[in-house]
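Comments concern the structure below.
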Protein chains: 2
Amino acid sequence: MELDERKVTILKAIIKNYMDTGEPVGSRTISKYIDSKWSSATIRNEMSDLEEMGYIIQPHTSAGRIPSDKGYRFYVDQILQEKDSEVTEIQELMIQRVDRLELVLKQLAKLLAKDTNYAALISGPQYHRNKLKFIQLSKVDVHKLLIVTVVEGNLIKNSIVNIQEEISDEELLNLNILLNSSLNGLTIEEISLGVISRMKEQAGPHSQVVDLVLNEVADAIKVDEEDLQIYTSGATNIFKYPELSDNQKASQLLSTLEHTENLQELVDAVNENENENGIQVYIGDESPVKGMADCSVVTANYDLGDGIRGTIGIIGPKRMDYRKVLKTLRNLMTQLDATFKNDER
Amino acid sequence: MELDERKVTILKAIIKNYMDTGEPVGSRTISKYIDSKWSSATIRNEMSDLEEMGYIIQPHTSAGRIPSDKGYRFYVDQILQEKDSEVTEIQELMIQRVDRLELVLKQLAKLLAKDTNYAALISGPQYHRNKLKFIQLSKVDVHKLLIVTVVEGNLIKNSIVNIQEEISDEELLNLNILLNSSLNGLTIEEISLGVISRMKEQAGPHSQVVDLVLNEVADAIKVDEEDLQIYTSGATNIFKYPELSDNQKASQLLSTLEHTENLQELVDAVNENENENGIQVYIGDESPVKGMADCSVVTANYDLGDGIRGTIGIIGPKRMDYRKVLKTLRNLMTQLDATFKNDER
DNA sequence: TGTTAGCACTCAATGATGTCGAGTGCTAAT
DNA sequence: ATTAGCACTCGACATCATTGAGTGCTAACA
């Protein structure tokens with residue numbers, strides 16, 4: 001069977017109607033909806049065909065039809081092809097003083113959730129190519145040393161360690177020079193035992209401090225790799241959609257959202273099969289995360305240069321307003337790009 | 001009327017029973033529960049009295065009784081008086097390498113939620129007495145300066161700023177000395193215009209940098225005051241308690257938990273009327289946050305010295321296992337104390 | 001041949017009705 | 001003062017009929 005123009009019209013009408021109401025839609029409704037070009041009987045016939053073709057589903061005999069995953073997929077693919085010429089302004093997205101990426105991301109998630117009325121998710125940046133850029137030791141106290149490390153992408157880490165022996169200012173200066181000249185520009189993998197033992201030799205009496213520093217360096221960089229930050233917001237929005245908010249499903253979905261390890265999978269999956277413009281739509285079972293089979297997930301990848309990349313996601317009911325979500329996300333991406341490219345952060 | 005011994009026994013029995021089952025408890029149940037010292041009829045009479053006195057409530061005629069807020073209050077006050085001699089070990093609470101307070105707090109919240117099966121909340125530290133301890137400027141790039149500030153309590157902040165003019169290593173060293181000698185030991189309030197203009201004079205050509213630094217210092221310290229970090233965990237645990245998990249209530253409670261500004265109120269309130277051992281129990285309407293009228297909230301204040309203080313909270317149904325929660329919290333406090341006092345962080 | 005009107009059929013949702021049982025309050029007996 | 005007994009209440013639950021939205025099929029029509 002062929003998906004002729006009339007079938008497409010009807011399919012679209014069904015999907016749009018269902019998006020509004022969340023209720024199965026019947027033939028008469030559609031007949032009225034499309035200015036009665038065709039009677040309900042005709043629609044019925046077409047709907048029967050559409051069901052056979054797998055685009056719509058009947059929850060039970062004598063109920064209207066609702067779109068199937070395949071139906072949504074068709075609809076979304078159509079939207080994805082549209083060029084969005086008009087750029088809606090999301091003025092609120094003006095990002096204030098960007099000093100701490102974390103804060104911005106959290107606010108962004110909040111904003112997205114509020115804007116779309118769905119749940120939003122945003123992963124903190126993953127840093128690839130982790131080259132060490134700068135190290136600084138400072139004496140904060142007689143027995144306390146402050147270690148500051150800057151990694152490519154201007155990611156800063158610091159920690160305070162206790163030391164036994166005292167170090168003079170001069171010695172500290174030398175150590176700083178030694179550390180920077182030996183380590184700068186290297187990734188963790190490149191900091192080999194050879195490099196280390198050479199440094200220790202040169203550090204002389206303070207080789208113990210070198211050990212401490214290396215620990216902290218390795219630790220600082222590692223931490224951010226293994227437990228990626230993921231922020232969610234607007235999780236409770238799901239209560240706005242009856243088909244998601246029965247106790248069973250709500251509980252499952254919310255707990256999926258609460259445990260970041262699940263979202264981690266999502267972010268990973270998104271990163272793997274990236275498509276051209278970085279935006280991806282998962283409908284129902286297509287989602288890489290199990291607990292979201294009843295939802296749709298729209299994801300986008302942001303890239304702020306310097307190897308700072310992350311993922312943004314919107315999670316809502318299958319009947320989510322794809323057009324709006326896609327537009328919002330596209331918009332956000334451009335804004336992010338603009339802001340961060342200018343700022344040079 | 002007097003709360004005689006028998007009434008107390010019966011009241012306790014009702015509360016305990018209700019805690020287990022979550023269902024209204026009737027006179028016969030109680031009669032069996034207390035080894036049939038009294039018949040159900042007697043119990044009925046006493047229950048009638050207890051209801052009149054306001055300790056228990058009948059949801060509807062011909063249902064059993066459930067404890068009222070006043071009833072819970074009585075029960076909790078009794079527990080609060082108990083000395084807890086035996087110290088249960090919560091081995092899992094061993095805190096691993098404590099490098100980032102944030103992470104520890106998050107994990108702590110998770111642990112609490114898992115342990116108690118209620119929702120847990122933990123506020124990041126509020127820093128009182130914000131004395132500046134140490135400043136360090138470093139050149140990361142030709143036009144990029146890294147500013148690291150350490151505040152009393154070893155709270156570290158950093159940021160990277162762009163500068164126009166170039167600064168030589170020597171000038172930077174002098175600036176560092178100037179900044180530290182002028183600012184160390186001062187609070188924000190003490191950094192007056194006088195101090196500032198004097199510094200600028202001495203900084204000579206680089207007075208502009210001084211401005212930048214001051215901005216960052218002020219900003220860094222301010223940020224943590226106005227938007228306090230609050231972590232929650234186990235919010236979905238509330239679905240385990242039918243009396244909280246109907247759609248209406250669950251939605252409200254979850255959204256209250258999601259919006260930190262609400263929790264902020266809680267933390268503030270807790271800080272205001274602190275009682276002797278720092279642990280407090282809010283039952284139902286007693287809670288300072290509106291959205292929690294159907295729950296009980298148990299809070300504790302932690303104090304890690306150096307002016308680092310915060311709040312921990314457990315949120316659960318009114319019939320929560322108060323004894324367990326109180327024990328867990330008390331335990332946690334001692335552990336925190338021990339860990340941080342030793343580590344000197 | 002494609003479209004439409006009409007009709008019988010299905011089935012979830014709704015509401016009325018009846019039964020059951022847990023629980024109470026009261027009274028009279030102990 | 002305590003208890004046994006009894007009538008009464010009321011939510012929970014099951015049953016049943018009703019309703020109405022929706023379908024599929026067939027026959028008539030353009």
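Values in this document were obtained by computation on a predicted structure and should not be read as measured data.
- Within 4.0 Å (heavy atoms only), A:A41 reaches at least one base atom of the nucleic acid.
- Contact check, B:T42 against D:dA1: no side-chain N or O comes under 4.0 Å of OP1 or OP2.
- Phosphate proximity of C:dT24 to B:R65: present, with a side-chain N or O under 4.0 Å from OP1 or OP2.
- Counting non-hydrogen atoms under 4.0 angstrom, A:R28 reaches nothing in the nucleic acid.
- Summarising the geometry, the separation between CD1 on A:I43 and P on D:dG24 is reported as 13 Å, rounded to the nearest angstrom.
- Taking atom CD on B:E51 and atom C1' on C:dG23, their separation rounds to 12 Å, with Å as the unit.
- We find the CD-OG distance between A:Q58 and A:S48 to be 9.0 Å, quoted to the nearest 0.5 Å.
- Whole-Å rounding puts the A:I30 CD1 to C:dT4 P distance at 15 Å.
- For the helix from C:dT1-D:dA30 to C:dT30-D:dA1, the rotation axes defined at the first and last 5 base pairs enclose an angle of 20°, given to the nearest 10°.
- Using a 4.0 Å cut-off between charged nitrogen and carboxylate oxygen, B:K290 and B:E265 do not count as a salt-bridge pair.
- Heavy atoms of other residues, nucleotides or ligands lying less than 6.0 angstrom from NZ of B:K110 number 12 at most.
- Listed candidates were D:dG22, D:dT3, C:dG25. Nearest to the side chain of B:N45 is D:dT3.
- Here the nucleotide nearest the side chain of B:M47, chosen from D:dC25, C:dT24, C:dG25, is C:dT24.
- A:R73 has a carboxylate O that lies under 4.0 Å from a charged side-chain N of A:D77, or vice versa, which qualifies the two as a salt bridge.
- With respect to B:E243 and B:K318, no salt bridge is recorded, no charged nitrogen being found less than 4.0 Å from a carboxylate O.
- DNA chain C lies under 4.0 Å from no heavy atom of any residue of residues 13-20 of chain A.
- Evaluation of atom-type donor-acceptor distances gives a pair under 3.5 Å for the side chain of B:S62 against the base of D:dT9.
- One atom, NE2 of A:H60, and another, C1' of C:dA12, lie 5 Å apart when rounded to the nearest Å.
- Rounding to whole angstrom units, CD of residue A:E52 and P of D:dT23 are separated by 16 Å.
- Counting heavy atoms from C-beta on, the side chains of B:L332 and B:L108 come closer than 4.5 Å.
- With contacts defined as side-chain heavy-atom distances shorter than 4.5 Å, the pair B:I283/B:Y322 qualifies.
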Decide side chain to side chain donor-acceptor pair (under 3.5 Å) for B:Y231 and B:S123; before the verdict, give the C-alpha distance in whole Å, the side-chain angles of both, and the deciding distance to 0.1 Å. CA-CA 6 Å; B:Y231 312 105; B:S123 87; over 6 Å; no
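- Phosphate contact (OP1/OP2 of C:dT3, side-chain N/O of A:R6, threshold under 4.0 Å): present.
- In this structure, B:I57 places its CD1 atom 17 Å from C1' of C:dG23, rounding to the nearest Å.
- Residue-environment remark: CD (A:E261) exceeds the threshold of 12 foreign heavy atoms within 6.0 Å.
- Using a 3.5 Å distance cut-off with no hydrogens or angles, the side chains of A:R28 and A:S40 do not pair a donor with an acceptor.
- Following rounding to the nearest Å, B:R44 (CZ) and C:dT27 (C1') show an atom-to-atom distance of 12 Å.
- OP1 and OP2 of D:dT23 both lie 4.0 Å or more from every side-chain N or O belonging to A:T61.
- If you measure from atom CH2 of B:W38 to atom P of D:dA4, you get 15 Å, rounded to the nearest angstrom.
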